[in-house]
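Inspection log for the structure reproduced underneath, given as structure tokens.
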Amino acid sequence: MADPALGARFLKAKRALFDKKYSRLNKEQREAIYCIHGPLLILAGAGSGKTTVLVHRVTHIVRYGNAYASERIPEDITEQTVETLEKALSFPPEALDGILSAFAEDACPPWAVLCFTFTNKAANEMKERLSATLGEQSADDIHAGTFHSVCLRILRREGERVGLRSGFTIYDTDDTKRLLRDCLAALNIDEKLLSIKTVQNAVSRAKEQLLTVEDYDAEAGGDYKLQMAAKVYREYQKRLLENNAVDFDDIICKTVELLQNHEQVRSYYQHRYKYVCVDEYQDTNHAQFVLISLLSGHYHNVMVIGDDDQSIYAFRGATIENILGFDRMFRDTHTIKLEQNYRSTGNILGAANSVIARNVGRHRKRLWTEQGDGEKVLVKKLETQNLEARYIADEILRASAGGKRPLSDFAVLYRTNAQSQALESAFTRSGLAYRVLSGTRFYDRKEIKDVIAYLCLINNPADNVRLKRVVNEPKRGIGNTSLAAVEQIAQAEGVSMFAVMENASKYIALSRVAPNLAGFVTLIHSLAKLSTNVSLPELFRETIEQSGYHAMLEAGGEAERDRLENVDELISTAVEYEQNNPEATLAGFLEEVALVSDVDQYDRDADAVVMMTIHSAKGLEFPVVFMPGMEDGLFPGHRSMNDASEMEEERRLAYVAITRAKQKLIMTHARERLMFGSTSYNPPSCFIGEIDERYLERAEEPTARQRTDFYTRSAGSTGRTELQRDVFRPRTAPKELFSIGDRVVHASFGAGTVLSVKDMGGDTLYEVAFDTVGTKKMMATYARLRKE
DNA sequence: CACGCTCTGCCTGCG
DNA sequence: GCAGAGCGTG
């Protein structure tokens, strides 16, 4: 037996070495990494290095297992070994890996670690960072993915046990809507009584709560509306089954059902995954919580990380109670709070803290920083939304002029997508390069969904929802009446609509449209045949050609040009997919498309101001952040203002927005604003009032007359007053006139050549071909061009 | 069956 | 203020 004093020195040296390895992290972060057994809740405030902790912890588990906490002392330990270890303490952290690996104990194989994320983007980021620390080989074995992709993988293997037939398709929210519309029609329910949106939400909430049709029916009780919703839910599930389809919620709750009811399957996965990690835990719903509990049911090594203060998705079913009550749901939970912020200045954090402190339902946290106070948060009142937009554009031009800051330093974060309109036009006029992260995602575009629907049909002709979507797109003379007849026969005979169409001539009811139906059937047959022997891009091209979809868009001329481009873009994604997957199949492509619906829009390298909703900004950070529309009725939204829990969610949203800013935050509000076509006069947001004044700087406002003056006269009109000049004065030389062919320089676009010059209402519109950023149009007053 | 007119309702949105 | 859906007519 070794000398106890020597053993103690060994343990001390070992732990000191680990601390040294992670010396760039703070104490709480290190604690999170070392704590690998049992339930762990990490409350990670905004900007507290959440991802770093997550990645390091997984890496640590795989490399060293329980090495840090272990009390084990090697039998053969000698004075000399301990001395070597103690000496190693002076090594740089990077040089310690070799020594530390000798301490490894119960290191976990990578394939036994499961990490859940919410978005594909987060999953990819995690995989990338794990590759960087662990090496590609091990990182690839770690199962990191979205809830949906992980569950789908399980369902593809075991789905038959919960009533899914192999090759089932996935319906997105739009397909779901279409199917629900059919259900309402079949049940003779007026959409005015029970809107599609309402049932869609009801069904989705029900599934997130793991309520079956029977449960829901029972809960409806005497409530007529709920009873109707229950009927629709029942019909909807029946039809999903007929179409061999699942919706997004089914992917989760069918997996839960599978694990709950099939001991063998449950046991397999429980033993397979030794460690379960969940990112953004505040966004999980009840079904996901149950899933996590089931999967971690054997080893109980479940770690969740998140920030209750950033829970902003209650409206889509997330239950903040999951993170608030984690320690009650999992016995012997260890909780760690990460409160040191590495992102923002003191004033910005002060503002964030004072707003969020008003919420009642939260874990108490207070962000702090070692950085200085920085600049105060600027609050600026403007007269109208257009002036607000111009103010922002002007401030950005000023702050970026002469390359002081790249445009990518600036972000404009707003509550609603509609707010981007005014901003965009102001930015265009100022010649500011900008990017809008819009609400409609690539795969949500109508033209893309149409082409995909054709492809789904080739892959699975039983898919009635997709069939109905494209059967008359472009027009083929197959209207609703004929379609209804087809559907009725299909229902009566218990076959798919496509099967009825294949034999259309057999049915008297269809005699009139039979030739049209036959044309469509021939199209799908011929494409299906093609799909077996040509490449995916080739198949896509043939699909849009033969279906007449391409011709239809071309006939649309200028108006449809974007759509045409998007369709071409889809073909490019097929090319890419084939390059990445040697065994590319149509079914595989469609599956990926169903779950990967965001082509990551945000490119942080592009030199452009970025604008987006606060929701989409979660997880991002920017040196300078503008928050326009800080008005009661807009933010917080008028629907939330008389509901305490909704107000708390809006407040968390404000907290998310504020904590995106690293150095400078500017909040603006407009006295009058166009909402739904009419003018509203909104008071400044109550959230501004909740910020302690010592963190604020209120910009003084020009008088009403002066402002109106500026607004009513268009930029550069002959009647410009001194004041207007003062507000929007060009920062470079006074307006100079250029002609075609002149070489000019723009503050943010660099050098270029003037292509055209056009007089426009006293101002001049230049079209300039820049050497590096392409051709742009801009008004002289705002472009501030200089001679090269 | 297709087109055009009127009516409604509208925040945020991952898979 | 605008888009999508419902409805009536050619």
Side-chain angles (χ1 to χ4, degrees), chain A residues 116-123 145-152 170-178 181 185 190-192 195-198 200-201 204 207-208 246-253 255 279-280 283-285 287-288 311-318 413-422 437-441 443-444 446 471-484 512-513 516 591-598 600 612-619 629 633-641 646 649-650 652-654 656-657 673-679:
Chain A
F116 283 114
T117 64
F118 269 85
T119 64
N120 292 300
K121 196 177 151 204
T146 62
F147 277 97
H148 291 89
S149 73
V150 171
C151 287
L152 191 66
I170 300 162
Y171 281 176
D172 67 13
T173 31
D174 188 68
D175 303 316
T176 292
K177 244 183 211 139
R178 286 163 187 264
R181 179 162 299 132
D190 189 349
E191 273 185 48
K192 281 180 194 106
S195 74
I196 303 276
K197 240 186 141 165
T198 312
Q200 188 175 25
N201 263 308
S204 184
K207 291 185 177 180
E208 283 160 359
V246 294
D247 63 21
F248 285 136
D249 299 310
D250 281 338
I251 295 178
I252 313 290
C253 63
T255 308
D279 191 13
E280 305 281 11
D283 291 337
T284 50
N285 59 40
Q288 286 158 339
S311 160
I312 53 174
Y313 286 111
F315 73 92
R316 71 176 192 211
L413 309 180
Y414 37 73
R415 178 71 238 267
T416 69
N417 280 306
Q419 288 170 258
S420 72
Q421 290 294 318
L437 299 207
S438 71
T440 27
R441 293 166 297 163
Y443 289 106
D444 279 346
K446 183 190 179 300
V471 72
N472 207 28
E473 192 80 28
K475 302 270 179 288
R476 295 190 178 88
I478 305 172
N480 286 329
T481 332
S482 318
L483 223 45
R512 211 162 59 85
V513 280
N516 296 350
E591 177 143 307
E592 183 157 305
V593 161
L595 289 188
V596 181
S597 47
D598 61 336
D600 191 5
M612 66 184 98
T613 62
I614 301 170
H615 281 94
S616 19
K618 200 174 82 164
L634 184 61
F635 188 25
H638 59 97
R639 294 144 177 268
S640 314
M641 290 186 63
E646 282 187 42
E649 176 138 328
E650 295 283 302
R652 292 191 290 266
L653 196 54
V656 168
R673 178 178 301 274
L674 230 56
M675 285 170 95
F676 303 138
S678 58
T679 312

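All chains are named by letter (A, B, ...) in the order of the sequence lines, taking the proteins before the strands, and each is independently numbered beginning at 1. Below, all heavy atoms of this structure are taken into account, side chains as well, without hydrogens, waters or symmetry copies.
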Nearest-Å distance, NE2 (A:H615) to C1' (B:dG15)? 16 Å
Could you give the distance from CD1 (A:I614) to CZ (A:F635), rounded to the nearest 0.5 Å? 4.0 Å
Do you know the tightest heavy-atom contact between A:I312 and A:D283? N-OD1, 4.3 Å
The side chain of A:F676 is closest to which nucleotide in this list: B:dG15, B:dC10, B:dC1? B:dC10
Phosphate OP1/OP2 of B:dT12 contacted by A:R415 side-chain N/O (<4.0 Å): no
A:R316, nearest nucleotide to its side chain (from B:dA2, B:dC1, B:dG13): B:dG13
Between A:N472 and A:L653, name the one whose nearest nucleotide on DNA chain B is closer to the 5' end. A:N472
Taking atom C1' of B:dC11 as reference, at what distance in whole Å does atom CD of A:Q421 sit? 15 Å
Taking any strand in view, what nucleotide pairs with B:dC7 in a Watson-Crick or G-U wobble way, both distances under 3.5 Å? C:dG4
The side chain of A:F248 is closest to which nucleotide in this list: B:dC11, B:dG15, C:dG6? B:dG15
A:N417 has a side chain; which of B:dG13, B:dC3, C:dG6 sits nearest to it? B:dG13
Quick one: list whatever passes side chain to side chain donor-acceptor pair (under 3.5 Å) with A:N201, sequence neighbours left out. A:R205
OP1 or OP2 of B:dG13 sitting under 4.0 Å from any side-chain N/O of A:S616? yes
Side-chain contact check for A:S482: nearest option of B:dG15, B:dC3, B:dC1 is B:dC1
Across all strands, who's sitting opposite B:dC14 as a Watson-Crick or G-U wobble pair, both distances under 3.5 Å? none
Can you figure out which of B:dC14, B:dG15, B:dC1 approaches the side chain of A:T481 most closely? B:dC1
Euclidean distance, atom CZ of residue A:R512 to atom C1' of B:dC1 [Å, nearest integer]: 8 Å
Over 12 foreign heavy atoms within 6.0 Å of CG, A:N480: no
5'-most by nearest nucleotide on DNA chain B - A:G477 or A:H638: A:G477
